[in-house]
Amino acid sequence: MTANITFDEVEVGTELPARSFPVTRATLVRYAGASGDFNPIHWNEKFAKEVGLPDVIAHGMFTMAEAIRVVTDWTGDPGAVVEYGVRFTKPVVVPDDDEGALIEVNAKVAAKLDDRRVRVDLTATSAGQKVLGMSRAVVQLA
């Protein structure tokens, strides 16, 4: 696949369509099964609170993966992401109710680079807290 967005179409400041991603306890159990990460802080409320967390929290890698979907949906090609990194700043707390949590992600083109690449900076929040810091992707455009 090739990115559907061309380098010439974007400028510094171009905003990508924002997205919101719901997260429930069931989502975390499915992710644990797929990833093999069965740490009880991601599914056992009693254990999470015993170790000082406010409640069960989403896996960091899950949060990171949800955030980059804003970029891959924008480009139309997951393979267009050539670099991606974040700092985990706050956990996504997932209550045991019908709603769970919401990860809200905004992104914009922060720099145009050589070889038809751009740097996209992402902002991911949950419950009003920034959950990823220094979230940046380098994307190869057509």
Side-chain angles (χ1 to χ4, degrees), residues 1-45 47-97 99-142:
M1 291 180 70
T2 304
N4 294 327
I5 305 294
T6 68
F7 185 79
D8 299 327
E9 288 178 70
V10 300
E11 297 299 330
V12 170
T14 298
E15 293 187 18
L16 284 60
R19 295 271 316 265
S20 295
F21 302 98
V23 186
T24 64
R25 296 278 178 95
T27 307
L28 299 182
V29 170
R30 286 192 299 275
Y31 182 81
S35 69
D37 182 351
F38 293 101
N39 186 324
I41 64 173
H42 303 304
W43 58 269
N44 184 315
E45 184 174 333
F47 182 85
K49 288 181 176 181
E50 284 175 356
V51 297
L53 295 169
D55 207 332
V56 165
I57 63 170
H59 303 72
M61 295 303 286
F62 172 82
T63 303
M64 188 177 175
E66 290 292 77
I68 198 65
R69 288 175 59 190
V70 168
V71 177
T72 60
D73 288 352
W74 176 65
T75 64
D77 177 12
V81 177
V82 295
E83 293 178 31
Y84 179 43
V86 307
R87 288 190 183 154
F88 301 107
T89 56
K90 298 274 185 193
V92 175
V93 179
V94 183
D96 189 14
D97 59 19
E99 295 181 25
L102 196 62
I103 301 169
E104 299 176 274
V105 183
N106 297 293
K108 68 179 177 179
V109 175
K112 291 184 86 169
L113 309 171
D114 294 333
D115 298 326
R116 304 186 70 79
R117 293 179 176 191
V118 295
R119 190 187 87 218
V120 176
D121 290 355
L122 298 94
T123 301
T125 61
S126 183
Q129 299 278 331
K130 191 172 182 181
V131 295
L132 298 177
M134 299 295 292
S135 184
R136 295 179 174 172
V138 174
V139 183
Q140 180 70 58
L141 299 180

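Along the sequence shown, the residues carry numbers beginning at 1.
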For [Y], is there any backbone N or O sitting under 3.5 Å from a side-chain donor or acceptor partner on [X]?
| X | Y | value |
| --- | --- | --- |
| H42 | V56 | no |
| S135 | V86 | no |
| S126 | L102 | yes |
| D97 | E99 | yes |
| D73 | T75 | no |
| T125 | G128 | no |

What's the shortest heavy-atom distance between [X] and [Y], and which atoms?
| X | Y | result |
| --- | --- | --- |
| V12 | A110 | CG1-O, 3.6 Å |
| A58 | V23 | CB-CG1, 4.5 Å |
| G60 | F88 | O-CE2, 3.1 Å |
| P95 | V93 | CD-O, 3.4 Å |
| A3 | D77 | N-OD2, 3.6 Å |
| Q140 | R116 | NE2-O, 3.4 Å |

message: Set out, in order, the CA-CA distance, both residues' side-chain angles and the distance that settles side-chain contact (heavy atoms from CB on, under 4.5 Å) for L141 and I5, then state yes or no.
response: CA-CA 6 Å; L141 299 180; I5 305 294; 4.1 Å; yes
With a 4.5 Å limit on heavy-atom distance, are the side chains of [X] and [Y] in contact?
| X | Y | value |
| --- | --- | --- |
| R117 | F7 | no |
| Y84 | R136 | no |
| L28 | W43 | no |
| V94 | I57 | no |
| V120 | L16 | yes |
| T24 | D96 | no |
| W74 | V10 | yes |
| N44 | F38 | no |

E45 and R25: CA distance, side-chain angles, deciding distance, salt bridge (charged side-chain N to carboxylate O under 4.0 Å, His left out) verdict: CA-CA 10 Å; E45 184 174 333; R25 296 278 178 95; 3.4 Å; yes
query: Using the ring of each side chain (for Trp, its six-membered ring), is F62 parallel, tilted or perpendicular to Y31, with breaks at 30° and 60°?
result: perpendicular
query: Could you walk me through whether V81 and T72 pass the side-chain contact (heavy atoms from CB on, under 4.5 Å) check?
result: CA-CA 7 Å; V81 177; T72 60; 4.0 Å; yes
message: Would you say NZ of K112 has more than 12 non-hydrogen atoms from neighbouring residues, nucleotides or ligands within 6.0 angstrom?
response: yes
- request: Might you work through the side-chain contact (heavy atoms from CB on, under 4.5 Å) test for T63 and I103, ending with a clear yes or no?
  value: CA-CA 8 Å; T63 303; I103 301 169; 4.2 Å; yes
field: Point-to-point distance, once rounded to the nearest 0.5 Å, from CE of M61 to OG of S35
entry: 9.5 Å
- request: Working to the nearest 0.5 Å, report the span between NZ of K130 and CD of E104.
  value: 14.5 Å
field: Test side-chain contact (heavy atoms from CB on, under 4.5 Å) applied to N106 and L122, step by step
entry: CA-CA 6 Å; N106 297 293; L122 298 94; over 6 Å; no
message: Ignoring hydrogens and geometry beyond distance, is a side-chain donor-acceptor pair present between T14 and E11 at under 3.5 Å?
response: no
